[in-house]
Amino acid sequence: MILTLTPNPAVDQTDWLDRVELGAVNRTRETHFDPAGKGINASRMAHRLGWPTIAFGFLAGETGAIIERALRAEGVQYHFVQVPGLTRVNMTIIDDAGVVTSFHGPGARVSAADVATLDSMVRFWLRGVRVLVLAGSLPPGMSPDTYAGFIARSHEQGVKVILDADGEPLRLGVAAHPDVIKPNVQEAEQLLGRRLPDLATVIGAARELSLRGIAAVVISMGAEGAVCASGERAWRVRSPRVQARSTVGSGDSMVAGIAVALARGEDLVDGLRRGAAAGAATAATAGTALGAAEDVEALLPQVSVEAIG
Ligand SMILES: Nc1ncnc2c1ncn2[C@@H]1O[C@H](COP(=O)(O)OP(=O)(O)OP(=O)(O)O)[C@@H](O)[C@H]1O
Ligand SMILES: [Mg+2]
């Protein structure tokens, strides 16, 4: 079983239009609503890959109900703590030139009592679980060291943790030694406080972070694939070439691929392969929709994972 925790879910609204004009009424051609939030996406992809998963987090109001309905339709299990207000709607506008503009809200505020309810719920379900995925931003009212606390509790119970966050929750989470982190280059740059302009510096960054006590550090680079470091060992992951339509959710799909490998007891290289195939499948799927299981299967043999000397 893979548990995912998304403290700050969102409904992703994607609008397609010719071009955006500021200060004018823009008429959109097509609008899509998808359940989102990084852990929720990871659960959806893990489910597609045939692995049992339960998504946890906070939901609020009518927009929260959209997420529940979508997960039910996909057959993904969930346990959400209902909080007052509305789950945020993250809007993405894609124009005909392929320019992508997004607006992300802060999320519904949670109280100390809401946090305590979520905490005891996750703690209860952690028993007997293989992997916990902690993903995305934290809503107003949740302390930035939340992920660090979940990592410590998971380790007490022998549960492996994959952390996919950024900023302060990532920095504090890293200090609690999650088993896997999967920042993209920008998130890794922010974490280390320096630029990573080329492959050599990205590999160096992954090694450095892994030596801080993280079993696997995967730094993803979009179409360029990823690098992974585990102690002294490192790999270069080359993603299959696909016609990229929208890479939203590729990282979450990669996290799901790694989580499934960990849950199956496969080795890290298998996780990287499955992760890159899932990420590429999602990149090849339009809007914020995730890749289909058949696409992941078809892409799997095209991923290459090479050890770096
Ligand atoms: N255009 C692409 N073509 C092929 N593979 C891709 C492409 N974009 C992403 N991938 C695959 O998905 C993985 C994760 O993508 P990316 O680095 O964009 O994650 P991310 O920035 O965390 O994304 P997000 O957080 O929006 O889900 C990559 O390492 C790669 O294997
Ligand atoms: Mg990401």
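Excluded from the calculations below are hydrogen atoms, water molecules and symmetry mates; all remaining heavy atoms, backbone and side chain alike, are included. Numbers here simply count residues along the sequence, with the first being 1. Order of appearance sets the numbers: ligands from 1, and atoms from 1 within every ligand.
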#### Entry: Enumerated ligand 1 atoms positioned under 4.0 Å from heavy atoms of A276
31 (O)
#### Entry: Option passing side-chain contact (heavy atoms from CB on, under 4.5 Å) with S43 (candidates T53, V133, I54, L71)
T53
#### Entry: Element-labelled atoms of ligand 1 that are located less than 4.0 Å from some non-hydrogen atom of G251
14 (C), 15 (O), 19 (O), 20 (P), 22 (O), 23 (O), 24 (P), 27 (O)
### Query
Pick from M221, R195, Q190: which one makes a side-chain contact (heavy atoms from CB on, under 4.5 Å) with V185?
M221
### Query
For ligand 1, which atoms have a heavy atom of A244 less than 4.0 angstrom away?
1 (N)
## Note on the structure
Numbered in order shown, the ligand 1 atoms found under 4.0 Å of a heavy atom of P240 are 4 (C)
#### Entry: Selected option - heavy-atom contact closest to atom 28 (C) of ligand 1, from S250, G222, G279, A42
G222
### Message
How far is atom 5 (N) of ligand 1 from the closest protein heavy atom, and which atom is that?
### Response
S239 OG, 2.8 Å
### A284 near ligand 1 by a heavy-atom separation under 4.0 Å
no
### Task
Report yes or no: does a heavy atom of Q186 sit under 4.0 Å from some atom of ligand 1?
no
### Query
Quick one: does K38 get a heavy atom under 4.0 Å from ligand 1?
yes
### Query
How close does the nearest protein non-hydrogen atom get to atom 26 (O) of ligand 1, and which residue and atom is it?
G249 N, 3.7 Å
### Query
Between the side chains of H32 and D15, does any donor sit under 3.5 Å from an acceptor?
no
### Message
I need the atoms of ligand 1 closer than 4.0 Å to a non-hydrogen atom of M221, numbered in the order shown.
### Response
17 (O)
### Query
Taking only heavy atoms of G225, which atoms of ligand 1 are found under 4.0 Å from at least one of them?
28 (C), 29 (O)
#### Entry: Interfacing atoms of ligand 1 (cut-off 4.0 Å, heavy-atom, K182)
19 (O), 22 (O)
### Summary
For M45 and S253, the nearest pair of non-hydrogen atoms, with its separation, is CE-OG, 3.6 Å
### Message
Please list the nearest protein heavy atom to atom 21 (O) of ligand 1 with its residue and the distance rounded to 0.1 Å.
### Response
N184 ND2, 2.9 Å
### Query
Do S102 and T92 get their side chains close enough for a donor-acceptor pair, meaning under 3.5 Å?
yes
